[in-house]
Amino acid sequence: MESMCQSGVGSQFNALFSGSGANWPGALVLTRSRNGSAGCHHKLIHGKLILKCLSRHTGLLSCFSRPSGSFFCSIASGRTNTDRFISYTSGGETLQQSYRWPDNQKPRICILGGGFGGLYTALRLESLVWTDDKKPQVLLVDQSDKFVFKPMLYELLSGEVDPWEIAPSFKELLKRTSIQFIKDKVKLLQPSDHLNNSGRNGLGRSYSGGTVLLESGVLVEYDWLVLALGAAAKLDVVPGSAEFAYPFSTLDDAIKVDEKLRMLERECFSKDSSPIGVTIVGCGYSGVELAATISERLQGRGRVQAINVETSICPSAPSGNREAALKILSLRNTELLLGYFVSSITETHVSNDSIGTGPEISVQDEAKTKRKYILELKPAQRGLQSQIRVADLVLWTVGSKPLVPELEPSDQSRALPLNGRGQAETDGTLQVRGHPRIFAIGDSAAMRDSSGKLLPSTAQVAFQQADFAGWNLWAAINDRPLLPFRFQDLGEMMTLGRNDGAISPSFIDGLTLDGPIGHTARKLVYLWRMPTDEHRLKVGISWLTKYALDSVAALQTTIANTFSVP
């Protein structure tokens with residue numbers, strides 16, 4: 001690249017290979033005085049592109065070149081909250097922005113993901129005591145504008161909760177804090193903490209830990225990074241699963257399943273319609289809770305089938321929880337197909353008069369047919385025979401994939417150490433190995449206990465890791481020793497319908513609270529886990545009001561039945 005810069009009176013340019021520019025191969029950073037004016041001409045030989053930047057703005061002019069032929073020009077005028085970036089490539093130009101932190105002298109913490117790990121880490125940082133010069137600026141990034149309390153998504157299907165109760169907006173939760181929020185999706189990471197820049201630069205604060213490029217084009221430079229992006233459902237497991245099965249891990253998933261059930265329930269009002277068939281693949285906690293909730297909702301209008309490759313449900317759950325779940329599923333006529341795996345899912349149409357068992361069924365009358373899904377089951381245990389099952393709705397609860405983003409450029413020295421599932425390997429303090437400025441928690445982290453066993457990807461683990469991550473960020477910024485994470489198993493809980501649940505606390509061996517008591521205890525625990533005091537109060541009042549109305553309605557029904565008896 002050839003470069004020529006002409007400066008006016010009182011202006012001065014200095015070429016610096018430092019800061020964010022040094023993170024880009026071949027970067028050139030040019031600075032000037034606050035009251036100067038200048039013009040800058042650059043010629044990029046490799047891409048045969050010519051860029052002319054003429055500026056009379058005050059501030060910082062940065063030009064970034066990359067070997068691939070793309071070109072970045074940034075002008076920070078000091079009059080906006082973001083730096084403007086224009087990316088010139090052979091396909092044209094796109095406008096980019098560089099996120100501007102309010103104070104360049106204070107630590108900058110970027111948290112990717114607003115689930116239990118990310119949001120609660122941000123709130124933990126807000127609650128700690130800081131000196132004025134070291135109180136960090138915290139930026140939370142999530143692709144949704146709502147925090148989702150995922151363990152209570154099942155209550156949306158049963159009608160026990162309203163969406164706002166378990167999915168409040170980040171704007172509402174963070175309005176009384178200094179935490180900033182951006183709705184966006186992570187595209188690329190470019191860490192630079194592998195360079196061991198642990199000291200401080202000439203401005204008095206620590207060197208940059210790297211940059212994050214968001215899909216909108218916003219570039220975020222950070223000092224500390226927290227990976228808490230969670231995981232997504234892994235649907236591309238067998239032929240047809242991605243096309244025809246519904247996942248159940250996000251608020252949008254729960255809403256889509258609820259809408260599908262409502263549609264099937266409307267169709268079932270017809271006298272000649274067949275019963276609703278729901279098939280759930282997987283009998284872990286998620287599959288069992290779905291089976292119990294949907295079977296209660298459908299009652300006599302449908303039938304639920306649950307398929308599991310293991311010969312038992314919830315194999316890792318406490319025996320008390322498993323026994324309570326088996327009892328409820330049996331009472332609600334849920335069919336358990338244990339020892340099977342799904343080999344394929346296909347779509348077909350059948351008439352309302354009869355239900356077929358294969359894709360060879362022809363469509364006689366489109367107006368009188370229903371869309372069905374054919375599941376081919378193969379035995380995973382000896383002594384079982386292959387089966388064909390038909391369903392109106394297929395729910396997939398097996399498998400997940402962590403959402404750790406890609407790195408740019410692809411360089412072994414920058415690479416994050418990932419395990420086979422795509423989770424970042426961390427040390428005992430939740431720092432990613434080889435990257436002291438990056439913490440990973442929740443589904444993004446491959447954290448092991450003292451025995452070397454990988455910790456489960458549960459809300460309980462993420463919640464506890466958030467507390468340690470917040471504290472260790474405080475310790476790192478204040479040059480204090482970091483604490484090793486120790487997971488404390490508090491027990492396991494599950495919902496089994498509107499008035500049924502099970503909870504097995506770890507501190508009392510053999511104790512399981514099930515039925516209405518377990519259901520109430522679970523809701524109280526989750527109420528306590530709500531992210532803020534204000535939201536906790538609102539949800540508590542809402543639940544108490546619903547309970548009072550339900551109690552009055554039940555009393556009125558009892559009185560009416562009593563006086564109606566001859």
Side-chain angles (χ1 to χ4, degrees), residues 110-118 120-121 141-143 150 185-194 209-210 212 224-238 241 247 249-250 282 284-286 309-310 315-316 341 396-469 472-473 482-489:
C110 180
I111 301 176
L112 303 180
F116 278 100
Y120 285 65
T121 297
V141 181
D142 194 271
Q143 60 184 337
K150 289 187 177 182
K185 191 174 182 180
V186 182
K187 185 177 182 180
L188 294 172
L189 292 183
Q190 189 185 26
S192 60
D193 54 353
H194 64 290
V212 176
W224 305 90
L225 182 69
V226 179
L227 295 177
L229 288 164
K234 190 175 182 180
L235 289 177
D236 54 345
V237 179
V238 302
S241 56
S249 62
T250 67
Y285 267 111
S286 181
V309 69
E310 302 283 346
S316 62
F341 67 91
W396 195 273
T397 67
V398 180
S400 62
K401 50 184 178 182
L403 298 175
V404 176
E406 297 180 5
L407 275 71
E408 173 67 20
S410 180
D411 186 346
Q412 291 298 323
S413 64
R414 299 176 185 268
L416 301 180
L418 304 179
N419 66 358
R421 294 192 59 218
Q423 298 169 305
E425 292 280 359
T426 65
D427 59 20
T429 60
L430 300 175
Q431 291 172 299
V432 176
R433 298 186 186 278
H435 292 271
R437 295 296 190 92
I438 302 178
F439 289 79
I441 57 180
D443 293 309
S444 298
M447 183 69 188
R448 304 179 184 276
D449 59 20
S450 56
S451 64
K453 183 180 179 181
L454 198 66
L455 291 178
S457 299
T458 63
Q460 182 182 178
V461 172
F463 185 88
Q464 293 185 32
Q465 287 178 334
D467 190 46
F468 273 79
N472 281 343
L473 282 165
L482 276 62
L483 295 177
F485 175 70
R486 292 292 182 267
F487 172 63
Q488 183 179 2
D489 186 6

- Item | Shortest non-hydrogen separation from A469 to L430 and the atoms involved | N-CD1, 3.9 Å

- Task: Scan side-chain atoms only and decide if S192 and R437 contain a donor-acceptor pair under the 3.5 Å cut-off.
- Result: no

- Message: Going by the rule side-chain contact (heavy atoms from CB on, under 4.5 Å), which residues pair with V461 if we only count those two or more places apart in sequence or in a different chain?
- Response: L455, P456, T458, Q465, F487

- Task: Mind listing the closest non-hydrogen atom pair of A440 and A424 along with its distance?
- Result: CB-CB, 4.2 Å

- Which of parallel (below 30°), tilted (30 to 60°) and perpendicular (above 60°) describes F439 and W224? tilted

- N/O donor-acceptor pair under 3.5 Å between S444 side chain and V404 backbone: no

- Would you indicate whether the side-chain heavy atoms of P191 and I438 approach each other to under 4.5 Å? yes

- Item | Any side-chain heavy-atom pair of P417 and V432 under 4.5 Å | yes

- Query: To the nearest 0.5 Å, what is the distance between CG (L403) and CG (D443)?
  - Reply: 8.0 Å

- Task: Take L189 and L227 through the side chain to side chain contact (heavy atoms under 4.5 Å, CB included) test and state the conclusion after the steps.
- Result: CA-CA 11 Å; L189 292 183; L227 295 177; 4.0 Å; yes

- Message: Using every non-hydrogen atom in the two residues, find where A462 and G442 come nearest and quote the distance to one decimal.
- Response: CB-CA, 4.0 Å

- Message: So R448 and E425, do their side chains get closer than 4.5 Å, heavy atoms only?
- Response: yes

- Message: Please report the interatomic distance CG(L483) to CG(D467), rounded to the nearest 0.5 Å.
- Response: 10.0 Å

- Report the distance from atom OG1 of T121 to atom CZ of F463, rounding to the nearest 0.5 Å. 10.5 Å

- Note on the structure: Distance col, row W396:CH2 vs D236:CG, nearest 0.5 angstrom, shows 10.0 Å

- Message: Applying side chain to side chain contact (heavy atoms under 4.5 Å, CB included) to Q423 and L454, what does each step give before you reach the verdict?
- Response: CA-CA 11 Å; Q423 298 169 305; L454 198 66; 3.8 Å; yes

- Item | Minimum heavy-atom distance between T397 and S286, given as atom pair plus value | CG2-OG, 3.8 Å

- Query: Is a donor on one side and an acceptor on the other found under 3.5 Å between the side chain of R433 and the backbone of T426?
  - Reply: yes

- Item | Polar side-chain atom of N472 near backbone of T429 as donor-acceptor pair, under 3.5 Å | yes

- Item | Distance (rounded to the nearest 0.5 Å) between S241 OG and K234 NZ | 10.5 Å

- Message: As an exercise, state the distance from CD of Q460 to CG of D489, rounded to the nearest 0.5 Å.
- Response: 5.5 Å

- Check whether any side-chain heavy atom of L482 lies under 4.5 Å from a side-chain heavy atom of Q431, and answer yes or no. yes

- Item | Minimal non-hydrogen separation, G117 against A466, with atom names | O-CB, 3.5 Å

- Indicate yes or no: at least one non-hydrogen side-chain atom of V398 is less than 4.5 angstrom from one of V309. no

